[in-house]
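Side chains included, hydrogens not; waters and symmetry mates left out as well; all remaining heavy atoms used. These figures come from a predicted structure and were not determined experimentally. Just so it is clear: chains get the letters A, B, ... in the order the sequence lines come, proteins before strands, and each one is counted from 1.
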There are 4 protein chains.
Amino acid sequence: MKAYAMLKIGATGWIEKPRPVCGPNDAIIRPLAVAPCTSDVHTVWEGGIGERHNMVLGHEGCGVVDEVGSEVKSFKVGDRVLVAAITPEWNSVNAQAGYPMHSGGMLGGWKFSNVKDGMFAEYFHVNDAEGNLALMPEGMDLADACMLSDMIPTGFHANELADIQYGVALSFFCAGPVGLMAIAGAALKGAGRIIVVDSRPDIVEIAKAYGATDYIDFKKVSVVDEILKWTNNEGVEKVLISGGGSTILETAIKVLRPGGKIGNVNYFGAGEFLTIPRVEWGVGMAHKAIHGGLMLGGRLRLEKLARLIMTKKLDPSKMITHRFKGFEHIEEALFLMKDKPKDLIKSVVIF
Amino acid sequence: MKAYAMLKIGATGWIEKPRPVCGPNDAIIRPLAVAPCTSDVHTVWEGGIGERHNMVLGHEGCGVVDEVGSEVKSFKVGDRVLVAAITPEWNSVNAQAGYPMHSGGMLGGWKFSNVKDGMFAEYFHVNDAEGNLALMPEGMDLADACMLSDMIPTGFHANELADIQYGVALSFFCAGPVGLMAIAGAALKGAGRIIVVDSRPDIVEIAKAYGATDYIDFKKVSVVDEILKWTNNEGVEKVLISGGGSTILETAIKVLRPGGKIGNVNYFGAGEFLTIPRVEWGVGMAHKAIHGGLMLGGRLRLEKLARLIMTKKLDPSKMITHRFKGFEHIEEALFLMKDKPKDLIKSVVIF
Amino acid sequence: MKAYAMLKIGATGWIEKPRPVCGPNDAIIRPLAVAPCTSDVHTVWEGGIGERHNMVLGHEGCGVVDEVGSEVKSFKVGDRVLVAAITPEWNSVNAQAGYPMHSGGMLGGWKFSNVKDGMFAEYFHVNDAEGNLALMPEGMDLADACMLSDMIPTGFHANELADIQYGVALSFFCAGPVGLMAIAGAALKGAGRIIVVDSRPDIVEIAKAYGATDYIDFKKVSVVDEILKWTNNEGVEKVLISGGGSTILETAIKVLRPGGKIGNVNYFGAGEFLTIPRVEWGVGMAHKAIHGGLMLGGRLRLEKLARLIMTKKLDPSKMITHRFKGFEHIEEALFLMKDKPKDLIKSVVIF
Amino acid sequence: MKAYAMLKIGATGWIEKPRPVCGPNDAIIRPLAVAPCTSDVHTVWEGGIGERHNMVLGHEGCGVVDEVGSEVKSFKVGDRVLVAAITPEWNSVNAQAGYPMHSGGMLGGWKFSNVKDGMFAEYFHVNDAEGNLALMPEGMDLADACMLSDMIPTGFHANELADIQYGVALSFFCAGPVGLMAIAGAALKGAGRIIVVDSRPDIVEIAKAYGATDYIDFKKVSVVDEILKWTNNEGVEKVLISGGGSTILETAIKVLRPGGKIGNVNYFGAGEFLTIPRVEWGVGMAHKAIHGGLMLGGRLRLEKLARLIMTKKLDPSKMITHRFKGFEHIEEALFLMKDKPKDLIKSVVIF
Ligand SMILES: [Zn+2]
Ligand SMILES: [Zn+2]
């Protein structure tokens with residue numbers, strides 16, 4: 001089959017690969033649409049997960065079931081399905097502990113374009129298909145469906161990690177596409193005030209459309225001073241992080257109230273350590289909780305998030321700025337994510 | 001001072017009473033607006049809490065601080081304040097256990113128009129003012145402010161009791177004003193499908209404006225059959241109850257999935273027992289949790305819910321169908337709640 | 001193979017059956033020890049789950065792996081393993097929701113001696129073996145191992161359902177073998193006062209050995225009066241239920257404080273309804289939570305509970321009153337559970 | 001009155017001070033027993049909280065009510081009472097948020113010997129006496145009662161922060177008196193394996209008496225290597241920290257499984273930053289939660305923990321190595337905590 005792959009660190013290209021083999025619990029999917037992701041860019045051009053050779057890229061997409069294993073009962077050939085970027089083994093010990101994304105070891109649920117081939121191909125393989133596929137609701141837009149793989153569940157998970165409650169004030173760091181979904185997820189958990197910290201004024205309007213109430217340009221003012229000023233020197237109750245360097249936790253802790261929580265879904269790519277400011281962390285006793293985690297995948301999650309789209313409570317299409325038609329545009333869509341033109345938030349390729 | 005009171009079961013009227021006395025932890029409030037409540041109707045005409053004589057009615061309102069005790073530091077004479085219907089003793093054992101509404105005993109936080117005079121007067125008394133008042137945000141509409149006393153926190157609490165999560169399907173029983181706020185609260189916790197069960201088609205539109213997605217008229221179809229049909233015979237994940245007779249729990253359990261939760265904020269007024277259907281409750285082992293509770297009051301709660309109004313995430317005014325201007329209209333507003341004309345959802349009196 | 005079966009309601013006996021077949025995710029186990037359970041008695045002589053023909057009985061046991069399917073990686077032939085009474089499909093939607101015991105529908109994780117053959121045979125079948133087996137720790141007593149199938153996880157789950165916290169006072173209804181494990185589990189969650197309600201004075205000593213602090217004989221005094229007297233009329237914070245008729249919830253609610261929780265693991269076998277006393281349930285608003293659920297099975301659970309035995313934090317052997325040596329004694333051991341002689345708590349058959 | 005005070009950083013001595021004044025919500029207590037604490041040592045000789053002049057020391061003790069304010073209803077002169085080291089304002093916003101220890105600001109519940117005079121005096125003052133006193137159970141040993149002020153609630157809180165569940169494996173850093181109570185608290189939450197990391201072999205026996213199952217001497221072996229070896233390279237599920245320098249979090253994160261939790265009650269006294277190792281923290285996505293917090297005080301907490309002592313589920317006396325009789329021995333008891341002779345764990349002075 002034809003596939004678009006990471007050839008080695010720094011290089012991508014079209015390759016031929018055998019169609020994946022379907023085990024008893026597996027499914028083979030023919031993609032209908034896929035989306036490139038900033039983490040594809042990390043993987044290829046920054047060597048984020050180390051060297052790989054001829055590994056098919058892509059972990060965001062949806063498709064049609066082309067084959068199922070003997071033990072798969074809930075899906076059949078021809079079904080249109082949603083697939084998450086994270087595909088755990090659901091009978092693993094870590095899944096039983098409530099952390100399926102770490103099945104088989106830390107971050108072990110992340111398989112596509114990491115420990116096996118990804119979705120930018122004529123076919124891709126899904127392990128534990130009973131647990132990892134969900135039927136695509138009739139009438140769902142294919143580009144929206146792709147947002148259910150990673151952008152929505154990752155952004156929403158930040159809110160779960162920070163345990164958002166009715167009316168809390170939170171500050172939110174970095175409004176890329178995950179960030180916008182984190183904002184939408186904060187609004188859908190009843191946050192009362194959502195302060196976005198970013199440096200692109202052009203993203204403010206869409207952030208507001210997703211529920212943001214205030215905006216700080218970190219290039220112009222001191223984030224800590226500004227948030228403390230706005231909150232009567234008390235700080236915010238929650239901080240969500242979906243981007244930023246290795247000192248972002250410091251800022252987060254400084255603007256957090258005692259009893260506050262940080263929900264991080266950012267991939268920290270550099271440095272030996274992240275740092276916690278000792279005094280502002282209450283010398284260890286301020287109840288400022290630091291949570292960070294990989295998104296949750298799986299059938300139930302996909303079904304529930306899809307429901308929010310179908311009942312129009314969530315509209316991911318506002319952030320899809322570039323749509324391509326045709327498998328052959330994958331390269332163009334990926335390079336767009338790499339080059340980040342000003343008007344780009346998220347690109348999708350519909351086959 | 002002049003006050004509007006329950007004279008005895010079945011009778012109300014204007015009376016003269018001494019202005020309340022302010023202890024060291026108390027505040028005396030001069031109301032700016034008040035709202036009559038269905039529970040005032042229960043109290044007077046159904047004897048819901050037993051006999052009372054010349055007890056001032058009213059537990060929903062906002063006002064201006066007229067006097068504070070020596071130990072009250074956060075509020076001063078002239079401050080405009082929000083007050084909840086439930087005013088706990090915050091240093092009680094039950095408050096420390098996380099149940100301030102039961103301070104001093106079951107439902108003990110409910111004091112206004114129950115164990116002391118209520119708000120339909122020239123002045124009313126607030127115990128533990130540090131914990132039970134909140135500053136009214138500048139620019140807040142006085143009628144909206146009254147909804148923060150009971151309708152919003154009660155409706156929202158149903159969602160907390162049922163532990164609503166992203167994308168769940170829920171059915172909601174009874175769409176009065178508390179019910180509408182429960183629907184709004186479900187949307188603000190990310191519910192994916194909100195099925196309203198009621199018999200007034202005229203309330204459907206406003207329910208949808210607050211986030212409802214589906215409607216069942218329980219006078220026309222079988223609620224259980226309909227919900228099971230709509231959910232592929234699996235049932236919904238949550239049931240919220242803000243009205244209904246003593247068999248409503250039965251219906252709730254029948255439409256609930258295993259692992260589902262019921263959040264009840266309904267006052268059950270009749271019968272010796274509520275009933276749980278044994279088989280549908282999984283002979284005791286279905287993990288269908290039954291939760292019911294009185295709303296939470298207090299400063300923090302008021303501040304957080306007020307924030308939702310000020311950032312336009314919640315608009316209680318859609319359900320305020322009748323507004324009166326002048327203290328003297330309290331009787332009219334109350335009788336409206338008693339007589340329930342078709343176009344009534346909630347009435348407010350602004351002084 | 002030889003097996004001991006329910007022939008029909010009211011009749012048991014030895015039968016010949018084919019050895020079960022092993023699918024790709026399955027394992028076939030040769031039992032080393034099994035234990036009959038009160039629910040085997042319900043099944044056979046009370047028709048608790050309806051008619052069955054020649055169904056092998058038994059859901060408590062441990063054994064040796066005799067065969068594994070192609071997809072089973074963590075276990076191999078010859079491994080000694082623990083098996084829980086409940087064996088879910090871990091990739092099901094309900095398992096993903098945190099309720100594996102309801103995989104495939106309400107109580108769907110209960111397969112042994114319900115929807116398929118049980119353990120009283122030369123071999124038995126385990127579905128989803130990766131998720132449902134656990135290695136037996138070296139040196140574990142085989143009878144103790146059998147208690148990990150049902151008695152310990154069921155008794156302990158009552159405490160999870162009631163959310164026991166440091167120092168709470170609880171009353172516990174019915175001290176059979178599950179009950180004793182519920183008491184042990186309460187002590188291991190830091191309960192401060194554990195009031196046992198039962199009618200067998202002979203079980204008091206062993207209940208105290210497991211952590212009970214007080215005893216009420218419900219045949220001699222009013223349980224409600226006694227508990228209220230002992231708790232200064234406030235009631236207890238938690239009630240655990242592992243036995244009792246259809247009115248036991250009433251008693252539980254009457255002795256519960258506002259904000260209290262009921263953890264039920266009792267199988268309610270009779271009556272159309274269970275009843276909640278309206279007034280003591282705070283007319284719907286007392287925050288007296290009613291939780292009931294089937295035990296959790298699975299590898300992680302078995303590993304964790306086994307650890308408590310191996311580090312001597314839990315000693316299930318105190319309640320094993322009758323030990324038989326030899327497969328052929330299964331019938332005798334089962335009839336003992338049926339006839340309930342005074343000195344019986346739990347019987348085990350070691351092969 | 002006579003009192004033992006911090007004169008300035010580095011100096012202590014006996015002084016005369018006026019008896020404290022009792023406001024409407026306050027109580028004045030005459031101590032019956034007190035205990036010096038390592039944090040008194042930090043305060044005086046390390047300047048841990050900055051300069052203070054003639055501030056009475058001591059935050060662990062129990063006593064007799066000598067006077068109560070007009071609003072105090074639950075306690076009267078002559079009552080023997082327990083008092084926690086942390087005495088929040090229970091009607092504060094942070095208390096309503098579930099964080100009373102931060103009432104009025106970060107760590108704001110810590111008043112004794114910090115922002116007001118402590119307990120080493122003929123009389124001491126308790127704010128919000130309704131919420132901060134508890135009746136001492138009849139027959140309670142006075143030295144045990146002192147352990148309820150700080151050692152027990154602080155040690156136990158580590159377990160709450162780490163959310164200990166049945167059967168988890170945990171490692172525990174630093175077995176001083178708080179540490180021993182953390183171990184006891186872990187056993188009382190059902191931990192399955194409790195690995196103590198310390199360097200004093202003499203404390204091992206008492207740690208085992210409180211529930212420890214394994215011991216690592218960090219001066220002899222690599223803690224990380226040892227714990228990973230013992231846990232099959234998977235790490236432990238929880239880490240409790242009650243001592244250690246600013247790199248202890250690094251070790252904790254390295255030995256923690258994905259999905260694990262850290263519960264810190266250590267006071268970090270030095271350095272600008274604490275450090276999180278980026279890779280072992282899963283580049284931000286391992287769900288290794290970092291929790292740290294000041295103990296919870298208050299009446300309910302004291303009542304519940306006292307219950308554990310009275311029902312013999314917890315015996316703090318095993319760690320009280322030095323008992324003095326007479327107020328005048330306070331200095332000697334304090335210097336013992338400063339000089340830390342090998343046989344010292346905790347000293348108490350009974351008046
Ligand atoms: Zn992605
Ligand atoms: Zn009301």
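- Proximity of B:R299 to D:Q96: side-chain heavy atoms (C-beta onward) are separated by under 4.5 Å at one or more points.
- The closest side-chain donor-acceptor pair between B:N25 and D:N25 falls under 3.5 angstrom.
- Interface summary for chain D: among B:D128, B:N91, B:N132, the most heavy-atom pairs under 4.5 angstrom belong to B:N91.
- Contact count against chain D (heavy-atom pairs under 4.5 Å) is highest for B:P24 among B:G23, B:P24, B:G69.
- Sorted by first and then second residue, the pairs that involve residues 102-112 of chain D and meet side chain to side chain donor-acceptor pair (under 3.5 Å), not counting sequence neighbours, are A:H287-D:H102, D:E89-D:S103, D:E89-D:K111.
- Within residues 259-267 of chain D, no residue has any heavy atom less than 4.5 Å from a heavy atom of chain B.
- Taking OG from B:S70 and CD from D:E71, the interatomic distance works out to 8.0 Å, rounded to the nearest 0.5 Å.
- B:K73 NZ: more than 12 foreign heavy atoms inside a 6.0 Å radius.
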